[in-house]
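Below you'll find the structure, written out as structure tokens, and then a few comments.
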Number of protein chains: 2
Amino acid sequence: MKTRDKIVQASLELFNKHGERNISTNHISAHLNMSPGNLYYHFRNKEDIIRSIFTLYESDIIKDFKPYLTQEVNSELLLNYFDTLFNILWNYRFLYNNLADILSRDEVLKVRYRQTQEQVLSRSNYIIAQLKDDGVLIIDESEIAPLADTLKLMTSFWVSYKLTQSKSPIGSISKASLYEGVLRVLLILKTYAAPNSITTFDKLKEHYQEQVTSSIQPEDEIKE
Amino acid sequence: MKTRDKIVQASLELFNKHGERNISTNHISAHLNMSPGNLYYHFRNKEDIIRSIFTLYESDIIKDFKPYLTQEVNSELLLNYFDTLFNILWNYRFLYNNLADILSRDEVLKVRYRQTQEQVLSRSNYIIAQLKDDGVLIIDESEIAPLADTLKLMTSFWVSYKLTQSKSPIGSISKASLYEGVLRVLLILKTYAAPNSITTFDKLKEHYQEQVTSSIQPEDEIKE
DNA sequence: GTCTATAATAAGATAGAC
DNA sequence: GTCTATCTTATTATAGAC
């Protein structure tokens, strides 16, 4: 692995664990047993590192969050979809965990962020419209955009929301919490489900409820 | 106004405007034409100021977010309810704007925050149960808790969400955006509306849609 | 490419005079 | 209660040797 990539990976890891504002460039280089000078040989500054991480996030989102192209919309398809999305948000949780602050310090990143989000939103709209056309959902045309936006908000901030409520001082949550988020999205979507797609939603719900149960981590059981 | 209160008010104002991490104690005292020493005479440290602001937020929330006690659940009642809640969140937006970071630096505050949120959640649950009992909503018992939690997430992060999407570099949003948030909450609640309460929801929707239209600020029209 | 040493800045916080 | 002056510390970042 190239030094540059090592720095990006270590930064991502530390940012997620402790929060971006609590990790200095010195922390990063120390974590890698590397001199600060070396870090600054590879990156102009901390902002530059964050932007590099954002590039990874961007490409993950754009690569995996695509309108479905197969004909059949079954539960497997939707399942895979949500799974992927929530996992990406988990992998880059430091970002949403501190979004306003990070964007307030970097105008360029703010513009990039907004552009990515517009793409995500437009794809979400398209997907919901597809689900409507395919008879999976019954929804008024005028409600598609608000629904897409609501689901985006929920998905984006789910991890942050759970983290602020977790009792563990480390500030980590378990996979179970991620799956709870998926269940929450399903609950909203289901209120728009067409009669003959209810079973699809029920199957999905069942699947994720199993995941929640089976992936509960010890840290969830910590009592004060 | 006492100096202590002046400091709290100025801090809240500056935190909301620029973000808590971008405002130092020196900024606050300079804004008040006051010496840093004087500020530190009234507060032990910055953490102490933030805790004082949190106390105000806490009391606003606890005071205004109460299960309704009148018999009649009409649109005026619900309207007042949401209005109040969204306005509180607007007044203390710096908090949710940077929640994870702020809580990560103050274990005591994190505990207080969690306790407040548990109260809010338990009250939300109670209110939804009341609405069910009064025949306003039709909802399965098992879905009350997830619904309450979902609405809480949406309400809490709505302002932050809109701020990250706004184009204005100042990072401010208009009242119109707040009312949009209320509309979004209504849209979710409406999917559970009992047939004879649909008109209530429609009236509410109409009211807030008017608010959105009439309160659009010039800054919303800024083009790049 | 990588290291050591160090400069520059800014934030948080205190001492002591008035 | 309030001010001025100042200290400490952490963070970002650079210079110059290897």
Side-chain angles (χ1 to χ4, degrees), chain A residues 1-54 94-95 97-98 100-110 171, chain B residues 1-54 94-95 97-98 100-110 171:
Chain A
M1 203 186 221
K2 279 185 195 157
T3 304
R4 201 189 146 84
D5 294 331
K6 272 193 217 162
I7 294 169
V8 170
Q9 285 307 316
S11 302
L12 177 56
E13 187 191 324
L14 293 171
F15 289 167
N16 278 337
K17 200 163 178 181
H18 306 285
E20 181 266 329
R21 280 316 280 260
N22 302 317
I23 296 296
S24 67
T25 48
N26 279 18
H27 287 126
I28 298 166
S29 55
H31 182 82
L32 289 165
N33 297 316
M34 174 190 292
S35 65
N38 194 6
L39 185 146
Y40 278 92
Y41 171 80
H42 290 281
F43 291 91
R44 280 181 50 237
N45 48 34
K46 196 182 176 187
E47 202 167 67
D48 195 16
I49 298 176
I50 295 173
R51 286 185 189 177
S52 292
I53 295 177
F54 188 80
F94 85 92
L95 190 61
N97 231 350
N98 231 20
D101 184 48
I102 291 168
L103 298 183
S104 82
R105 280 175 287 137
D106 186 346
E107 252 336 286
V108 174
L109 191 63
K110 188 172 183 187
Chain B
M1 202 187 223
K2 281 184 194 155
T3 305
R4 201 189 146 85
D5 295 332
K6 270 193 218 164
I7 294 169
V8 170
Q9 285 308 315
S11 301
L12 177 56
E13 185 191 325
L14 292 171
F15 289 167
N16 277 338
K17 200 164 179 180
H18 305 286
E20 182 266 329
R21 280 317 279 259
N22 301 318
I23 295 296
S24 68
T25 48
N26 279 17
H27 287 127
I28 298 165
S29 56
H31 181 82
L32 289 165
N33 296 315
M34 175 190 290
S35 66
N38 194 7
L39 186 147
Y40 277 93
Y41 171 80
H42 291 280
F43 291 92
R44 279 182 51 234
N45 50 32
K46 194 182 176 186
E47 203 167 64
D48 195 16
I49 298 177
I50 295 173
R51 287 185 189 177
S52 293
I53 295 177
F54 188 79
F94 86 92
L95 189 63
N97 231 352
N98 231 20
D101 183 47
I102 291 167
L103 298 183
S104 82
R105 281 175 285 137
D106 186 346
E107 246 347 276
V108 174
L109 191 65
K110 189 173 180 186

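None of these values were measured; they are calculated from a predicted model. Labels below follow one simple rule: chain letters A, B, ... track the order of the sequence lines, proteins then strands, and each chain is numbered from 1.
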Nucleotide C:dA13, atom P - distance to CD1 of B:I50 in whole Å: 10 Å

Return the value, rounded to whole Å, for the distance between atom CG of B:D48 and atom C1' of C:dT14. 16 Å

Atom-pair distance (CG on B:N26; P on D:dC7), nearest Å: 16 Å

Grab the CE-P distance between A:M1 and C:dG1 for me, whole Å please. 16 Å

In whole Å, I'd like the distance from the CD1 atom of B:I28 to the P atom of C:dA13. 11 Å

Once side-chain hydrogen bond (donor to acceptor under 3.5 Å, both in side chains) is applied, do any residues pair with B:N22, and if so which ones, sequence neighbours excluded? A:S104

Round to a whole Å and report the spacing from CZ of B:R21 to P of D:dT12. 10 Å

With a 4.0 Å limit, can you tell me whether A:T25 has a side-chain N or O closer than that to the phosphate oxygens OP1/OP2 of D:dA13? no

Those residues that, when tested against A:R4, pass side chain to side chain contact (heavy atoms under 4.5 Å, CB included) (two or more places apart): A:H42, A:F43, A:S52

How close or far is atom P of D:dA10 from atom CD of A:E20, stated in whole angstroms? 18 Å

Between B:F94 and B:I53, is there a side-chain heavy-atom distance shorter than 4.5 Å? yes

Just so I know, are the side chains of A:I50 and A:D106 near enough to count as touching, which here means a heavy-atom distance under 4.5 Å? no

If I take atom CG in residue A:N22 and atom C1' in nucleotide D:dT11, what distance separates them, rounded to the nearest angstrom? 13 Å

Sequence neighbours excluded, which residues qualify as side-chain hydrogen bond (donor to acceptor under 3.5 Å, both in side chains) partners of B:N26? none

Tell me every residue that passes salt bridge (Lys or Arg N to Asp or Glu O under 4.0 Å) with B:D101, counting only those two or more places apart in sequence or in another chain. B:R21, B:R105

What is the distance from atom OG of A:S11 to atom CD of A:E20, rounded to the nearest 0.5 Å? 10.0 Å

What closest approach, in Å, do B:N97 and A:A100 show between heavy atoms, and which atom pair accounts for it? OD1-CB, 3.1 Å

Short of 4.0 Å, heavy atom to strand atom, which residues of residues 31-47 of chain A count as contacting DNA chain C? A:N33, A:M34, A:S35, A:G37, A:N38, A:Y41, A:H42

Check whether A:D5 reaches the backbone of A:M1 with its side chain - one donor and one acceptor, N or O, closer than 3.5 Å. no

Can you check nucleotides 16-18 of chain C for protein contacts, nitrogen or oxygen pairs under 3.5 Å, and list what you find?
none

